There are 4 protein chains.
Amino acid sequence: MRISKDPEERKQEIIEMAMVLFEEKGIQKTSMSDIAKKLNVAKGLIYYYFRSKEELISYVIESFSMVVDEEIGKIMKNEGLDFYGKLGAILNLFFSAIREHPSLMNITPGNSGMFEYIKTRLSEIAITHAGVLIEEGKKAGFIENKYPGYMLKILISGIADLYMEGVTDPSIHRVLIEEALGIPEGKIVLKA
Amino acid sequence: MRISKDPEERKQEIIEMAMVLFEEKGIQKTSMSDIAKKLNVAKGLIYYYFRSKEELISYVIESFSMVVDEEIGKIMKNEGLDFYGKLGAILNLFFSAIREHPSLMNITPGNSGMFEYIKTRLSEIAITHAGVLIEEGKKAGFIENKYPGYMLKILISGIADLYMEGVTDPSIHRVLIEEALGIPEGKIVLKA
Amino acid sequence: MRISKDPEERKQEIIEMAMVLFEEKGIQKTSMSDIAKKLNVAKGLIYYYFRSKEELISYVIESFSMVVDEEIGKIMKNEGLDFYGKLGAILNLFFSAIREHPSLMNITPGNSGMFEYIKTRLSEIAITHAGVLIEEGKKAGFIENKYPGYMLKILISGIADLYMEGVTDPSIHRVLIEEALGIPEGKIVLKA
Amino acid sequence: MRISKDPEERKQEIIEMAMVLFEEKGIQKTSMSDIAKKLNVAKGLIYYYFRSKEELISYVIESFSMVVDEEIGKIMKNEGLDFYGKLGAILNLFFSAIREHPSLMNITPGNSGMFEYIKTRLSEIAITHAGVLIEEGKKAGFIENKYPGYMLKILISGIADLYMEGVTDPSIHRVLIEEALGIPEGKIVLKA
DNA sequence: TATGAATGAGTATTCATTCAT
DNA sequence: AATGAATGAATACTCATTCAT
């Protein structure tokens, strides 16, 4: 049976299924056939929407990033949050993304995960959006780091790696962040 | 021509060539044939020493780790170094490994670099060895971090990622380390 | 946008675009999609007019042949031309077609050019029309060849092949024709 | 069952089977799988010997040409033959090659044959070897053509095309050759 | 120990063709 | 008349792995 769908919808459907499989099995071990089969769709259809596997991969990463991007935008505009509130919210966003997609980090020999690509992309986003926040924080004296942007990147990528190794307690993460940024204890609130 | 060698020697030879090629081209894009060709050896011989590509990969990683492991051991035993000296030397070890093997991090979607696999292993080693050092540092009041081991891990993996994105200036790395560990400026010395 | 056209016009439009692309890229490397895209038309429309790619190909060839057919007809009826004039005009027609459509002969292993298909058809046409001319020529003593029709075919197809190999000088072609047909030097005039 | 063969033998075996299938079905319609299947051999083996389909094709053509090349060499060295004898022998060689591989010329829309490639290659060979013969013939006054090399090419390629269209009578070919080269009737002997 | 020919399952990609709208 | 999303079979090519010698 032939089921036609709105192109945008179909495209999104493919991206989402690819994401799921990339998480589950890693990028290389997920074949274009796998994706088509799971969607009950002909292989050719995927190539109707994406020129190549590589293009599909970048769409998947971009799609993941965009969601995070939008969320951070909202946080930055939220006037109900002060400096520490915003910082905490942003960090939460990242760590919860990782928490909810543990398979993202499925790196095993012979099969690299999506994690490394997404992590880089995410920390780019973090810096872009958090730039203003950090400058404010520095001016207001909340932060005294010489390279606060870099420190933030390190924290995000470093804690993500910690997470991968099983250190998942947010209170530990909180302490590490506070120490590295020289922030008073308890100012940052991380969700479990 | 058929050249017989001491088995251990041969095995090591294969591991080393695999290491070189994994660095150069990434793990997936290095085929067993590539390795055999470079060694002027028949494909079958590699399978005589290693059950599978996967087994070879893990030997390569283990071999790389062991070298680092030994080096750290030497640093720890070096009585000519004080706390900061040892800490600096250990950090140097990691960052210079990365500096000298930039191809280690040759990660592209669909082709993982050695680094992806080694990173976890390396930070395990760091923690194992640096455990004593850090405990000493804490007792002696050099370090006040609540979770100094985790902080170290974050620094190693986070700075490695920074490095990948082009932030290669050691003086920046030094500042980040000093701030995160609450160490007085200039105590740690990183080689260029 | 949906543009309706007169069926015959549309059909001709498709044939012409196919011709252009077949010349440019060869027949196999021209996909039905390519043709549709260039015409700003949906793929399905081409299948509305032609049952299959094969059918389209034969229409294209037929269309090309018909043009040549008509031209030769005009030459034969042209009372202003004598025997040598007509013969020269016919030969010109073929060689200028090749000269003006060098891509016609775009043959590479695995991708045949239009010429491969057209050549036989063209020489059939040549013989059909030139039959009368040649008989006249023989009767009038202008030509003494035993099989002038075959000789003509050989010249057309052979010189076309010469052309493909880079021998493009019309004065060389002229000499070859004159020698093969036993015609006095300078009687045939070939355009550059 | 696994049957190992001498590499050169295997390579030749593949080339020959490819030749047969290319003749039968045309180049494009013959897949690498087809060739493997007919040989009762794994697909991969063909790629062990030939980098790509394209490489295999050129080996097939080269292999075919080499045989002809050698035969012509023998004729040229044959002191028992005079000018006309050698010329006849060479022409015989070509036309009998065509006669024995009629499927070579299996050109149908959507499927180009090997013929065009081989024809070009053959006429190159003809010119190379016949160069000396023709110069001799010209000096000795046997031939008066202005461009005897080109005329020879035209004859070979043109008569081959005639053959394709069903004109297979060698006596007709003989006359055409004699007329085009200005050779006395009956000097050239073509086998049936 | 060592060779390298042989295997075979797998992979991305293309494209003529169909069909519901 | 026209659209374009969907199909599915085919294709070239790769590579880890095996095995007879």
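Every chain is numbered from 1, with letters handed out A, B, ... down the list of sequences. Only a predicted model underlies this, so the values are computations on that prediction, with no experimental measurement involved.
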Run the salt-bridge test on [X] and [Y] with the 4.0 Å N-O cut-off and return the result as yes or no.
X	Y	answer
A/D34	A/K25	yes
D/R10	D/E13	yes
A/K29	A/E24	no

Taking pairing as Watson-Crick or G-U wobble with both contacts under 3.5 Å, can you name the mate of E/dA12, or confirm there isn't one?
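E/dA12 is paired with F/dT11.
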
My understanding is that a pair needs two contacts under 3.5 Å, Watson-Crick or G-U wobble. By that rule, which nucleotide pairs with F/dA2?
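In the structure as shown, F/dA2 has E/dT21 as its Watson-Crick or wobble partner.
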
Picking from F/dT3, E/dC19, E/dT3, which would you name as closest to the side chain of B/V41?
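For B/V41, the side-chain atoms sit closest to E/dT3.
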
Side chain of B/Y47, heavy atoms from C-beta onward: which of F/dT18, F/dT3, F/dC15 has the nearest atom to it?
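Of the candidates, F/dT18 comes closest.
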
Short side-chain to backbone donor-acceptor contact, A/T30 and A/L21, under 3.5 Å
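Side chain of A/T30 to backbone of A/L21, a donor-acceptor pair under 3.5 Å: yes, one is there.
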
Are any of B/S4's side-chain N or O atoms less than 4.0 Å away from OP1 or OP2 of E/dA2?
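Affirmative; the distance criterion is met.
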
Give the rounded distance in Å between these two atoms: [atom1] of [X] and [atom2] of [N].
X	N	atom1	atom2	result
D/K25	F/dT11	NZ	P	8 Å
A/I35	E/dT11	CD1	P	11 Å
D/R51	F/dA12	CZ	C1'	16 Å
A/K29	F/dC15	NZ	C1'	13 Å
D/K37	E/dT7	NZ	P	15 Å
C/K53	E/dT14	NZ	P	15 Å
B/L45	F/dT17	CG	P	15 Å
C/M32	E/dT18	CE	P	10 Å

Take C/Y48 and A/A42, find for each the nucleotide of DNA chain F with the closest heavy atom, and name the residue whose nucleotide sits nearer the 5' end.
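With C/Y48 and A/A42 compared, the 5'-side residue is C/Y48.
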
Along DNA chain E (nearest heavy atom to each residue), the more 5'-positioned of D/R2 and A/R2:
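With D/R2 and A/R2 compared, the 5'-side residue is D/R2.
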
First of A/S52 and C/S33 reached from the 5' end of DNA chain E, by closest nucleotide
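Its nearest nucleotide being more 5', the pick is A/S52.
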
Which is true for A/Y49 with a 4.0 Å heavy-atom rule: it touches a base, it touches only sugar-phosphate, or it touches nothing?
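It contacts sugar-phosphate atoms only.
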
Has the side chain of B/R10 got a donor or acceptor that lies under 3.5 Å from a partner of the other kind on the base of E/dT1?
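No, the side chain and the base share no sub-3.5 Å donor-acceptor pair.
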
Hey, is the side chain of B/K43 pairing donor to acceptor with the base of F/dT17 inside 3.5 Å?
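Checked by distance alone, the answer is yes.
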
Axial cation check for D/Y47 ring with D/K53, 6.0 Å and 45° limits:
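Judged by the rule (NZ or CZ under 6.0 Å from the ring centre, within 45° of its axis), D/K53 is not positioned above D/Y47.
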
